[in-house]
Amino acid sequence: KFNISKMTIGIIALALGTSLPELFVSILAIIKGNDKIVIGNIIGSNIANIGLVLGLCAMIKPIILENKKNISYNLISLFIITLIFLLFLFNNNLLRIESGILLALLFLYLFLLIKFFSNEIESLDEKNENIYIAILSLIIGFIMIYFGSEFFINGALGIANKFGFNDLVIGMTIIALGTSCPELFTTFAAIKKNEYQLALGNIIGSNIINIVVVGGFLSLIKNVQVQFQSISNHALILLFLTILFVFSTLILPKISRLLGIIFISIYFLFIFINF
């Protein structure tokens, strides 16, 4: 309706909606004083978004990479924000001052995105769509995403607690998988309609929002503590996946099925390391 590029809408609207479960779950964890679930959920969700979501979707249908200028800015931003986040965790804390830096990075990222990378107008077939129906659909979708994820998470937590898994493992895997389900279904729906920019924007935006909004907002409430040694392997996998995602997207003309298999294989390695 407003001639905003699909990549930008994928990053702002879709990614915000599909990242709501991570935010709600992490708020509940902070209230209960369970810092491990917060950090585990952020890292695990970001690994799942690239390894599982992108990998599975690429296996089903190769993702054609268009508009490299727009993609480049968002991917480089993702890499920088991910690296800064992991460096902050290196001192075993996510402090309030660091949360302020993360939130400042969010505003800077969005400002540059809207100012310089959102004006690439794409031809739309449905120019006359009712804006109120579109907004209502978006809100209803957000609500359904939240409740659907909550049902999944509650069931998964019940099973996990029954088998006695520790909080970090639960946050990294089961909760992260549950909160990444919206990204999976939304990305798959976008690729099915050949909306590759929307799909990539959703994955990139979700990972950025998980760090700067979920991590930044929650550590603003209280300092989040985690032993970096206990998440060092997971941090390395996240960093490696992010670098692989960035370079393959910038260099290659498409994310092929073979690359999708590689992403999924790394995700399974991550699950194996946890359990």
Side-chain angles (χ1 to χ4, degrees), residues 7 10-12 14-16 18-19 22-23 26 38-55 70-95 97-110 112-113 117 168 171-173 176 179-180 183 187 199-220 224 226 228-251 255 259 262-263 266-267 269-270 273-274:
M7 172 69 76
I11 285 168
I12 296 175
L14 286 188
L16 181 61
T18 57
S19 291
E22 282 91 345
L23 180 60
S26 296
V38 176
I39 301 300
N41 188 25
I42 294 171
I43 293 176
S45 292
N46 282 18
I47 289 173
N49 287 344
I50 299 175
L52 180 65
V53 175
L54 182 65
N70 204 334
I71 293 176
S72 299
Y73 167 73
N74 292 292
L75 284 172
I76 292 168
S77 298
L78 171 62
F79 171 72
I80 292 170
I81 288 170
T82 301
L83 185 61
I84 290 173
F85 174 65
L86 294 178
L87 287 173
F88 283 166
L89 293 180
F90 192 71
N91 65 357
N92 301 321
N93 288 285
L94 194 58
L95 305 173
I97 189 169
E98 293 168 340
S99 75
I101 294 171
L102 289 175
L103 292 171
L105 283 173
L106 171 65
F107 290 119
L108 177 62
Y109 164 72
L110 290 176
L112 294 175
L113 175 68
F117 299 96
L168 186 60
M172 286 273 185
T173 57
T179 55
S180 289
E183 280 89 351
T187 303
L200 285 172
N202 185 30
I203 293 171
I204 296 168
S206 292
N207 279 24
I208 289 174
I209 287 171
N210 285 346
I211 292 173
V212 295
V213 175
V214 179
F217 174 70
L218 293 176
S219 56
L220 195 63
V224 179
V226 64
F228 186 79
Q229 188 176 356
S230 65
I231 63 165
S232 57
N233 290 331
H234 313 91
L236 283 174
I237 291 175
L238 174 59
L239 190 60
F240 178 74
L241 266 176
T242 303
I243 292 170
L244 183 61
F245 179 33
V246 170
F247 277 96
S248 59
T249 305
L250 293 180
I251 295 169
I255 299 176
L259 199 53
I262 293 172
F263 280 127
I266 296 171
Y267 181 73
L269 173 65
F270 163 72
I273 287 172
N274 271 282

## Note on the structure
Heavy-atom nearest pair, Ser99 first then Leu220, reads OG-CD1, 3.3 Å

## Note on the structure
Note: Ile204 and Asn74 closest approach over all heavy atoms is CG2-O, 3.7 Å

### Residues in ring-ring contact (aromatic ring centres under 6.0 Å, His included) contact with Tyr109, at least two apart in sequence or another chain
Tyr73

### Task
Check the pair Val224, Ile39 against side-chain contact (heavy atoms from CB on, under 4.5 Å), reporting the backbone distance first and the verdict last.
CA-CA 8 Å; Val224 179; Ile39 301 300; 3.8 Å; yes

### Message
I need the Phe88 CZ to Leu94 CG distance, nearest 0.5 Å.
### Response
8.0 Å

### Message
Run the side-chain contact (heavy atoms from CB on, under 4.5 Å) test on Leu241 and Tyr267 for me, step by step, so that the C-alpha distance in whole Å, both residues' side-chain angles and the decisive distance to 0.1 Å come before the verdict.
### Response
CA-CA 9 Å; Leu241 266 176; Tyr267 181 73; 5.7 Å; no

### Message
Taking the side chain as everything from C-beta on, heavy atoms only, tell me whether Leu105 gets closer than 4.5 Å to Ile80.
### Response
no

#### Entry: Value rounded to 0.5 Å, distance of OG in Ser77 from CG in Leu113
8.0 Å

### Message
Once rounded to the nearest 0.5 Å, what's the spacing between atom CD1 of Ile84 and atom CZ of Phe79?
### Response
10.0 Å

#### Entry: Nearest heavy atoms of Leu95 and Asn91, plus distance in Å
CD1-ND2, 4.3 Å

#### Entry: Matching residue for Ser180 among Asn49, Asn210, Thr187 - test: side-chain hydrogen bond (donor to acceptor under 3.5 Å, both in side chains)
Asn49

### Query
Roughly how far, to the nearest 0.5 Å, is CG of Leu218 from CG of Leu102?
11.0 Å

### Query
Minimum heavy-atom separation for Asn46 to Ser206, with atom names?
OD1-O, 4.4 Å

### Query
What do the steps show when you test Leu200 against Ile255 for side-chain contact (heavy atoms from CB on, under 4.5 Å), and what is the final call?
CA-CA 11 Å; Leu200 285 172; Ile255 299 176; 4.2 Å; yes

### Message
Would you say CD1 of Ile97 has more than 12 non-hydrogen atoms from neighbouring residues, nucleotides or ligands within 6.0 angstrom?
### Response
no

#### Entry: Smallest separation among heavy atoms of Glu183 and Val53, with atom names
O-CG1, 3.7 Å

### Message
Within this structure, what is the CG-CG distance for the pair Leu238 and Leu83, rounded to the nearest 0.5 Å?
### Response
10.0 Å

### Message
Please give me the minimum heavy-atom distance between Ala176 and Asn41, naming the atom from each residue.
### Response
CA-OD1, 3.6 Å

List the atom pairs, donor and acceptor, that lie under 3.5 Å between side-chain atoms in residues 228-237 and the rest of the protein, sequence neighbours left out.
unit_1, atom_1, unit_2, atom_2, d
Ser230, OG, Gln227, O, 2.5
Ser232, OG, Gln229, O, 3.2
His234, NE2, Asn274, OD1, 3.2

### Message
Would you compute the distance between atom CD1 of Ile71 and atom CG of Leu78 and round it to the nearest 0.5 angstrom?
### Response
12.5 Å

### Task
Would you check if the side chain of Ser248 reaches a backbone N or O of Phe245 as a donor-acceptor pair within less than 3.5 Å?
yes

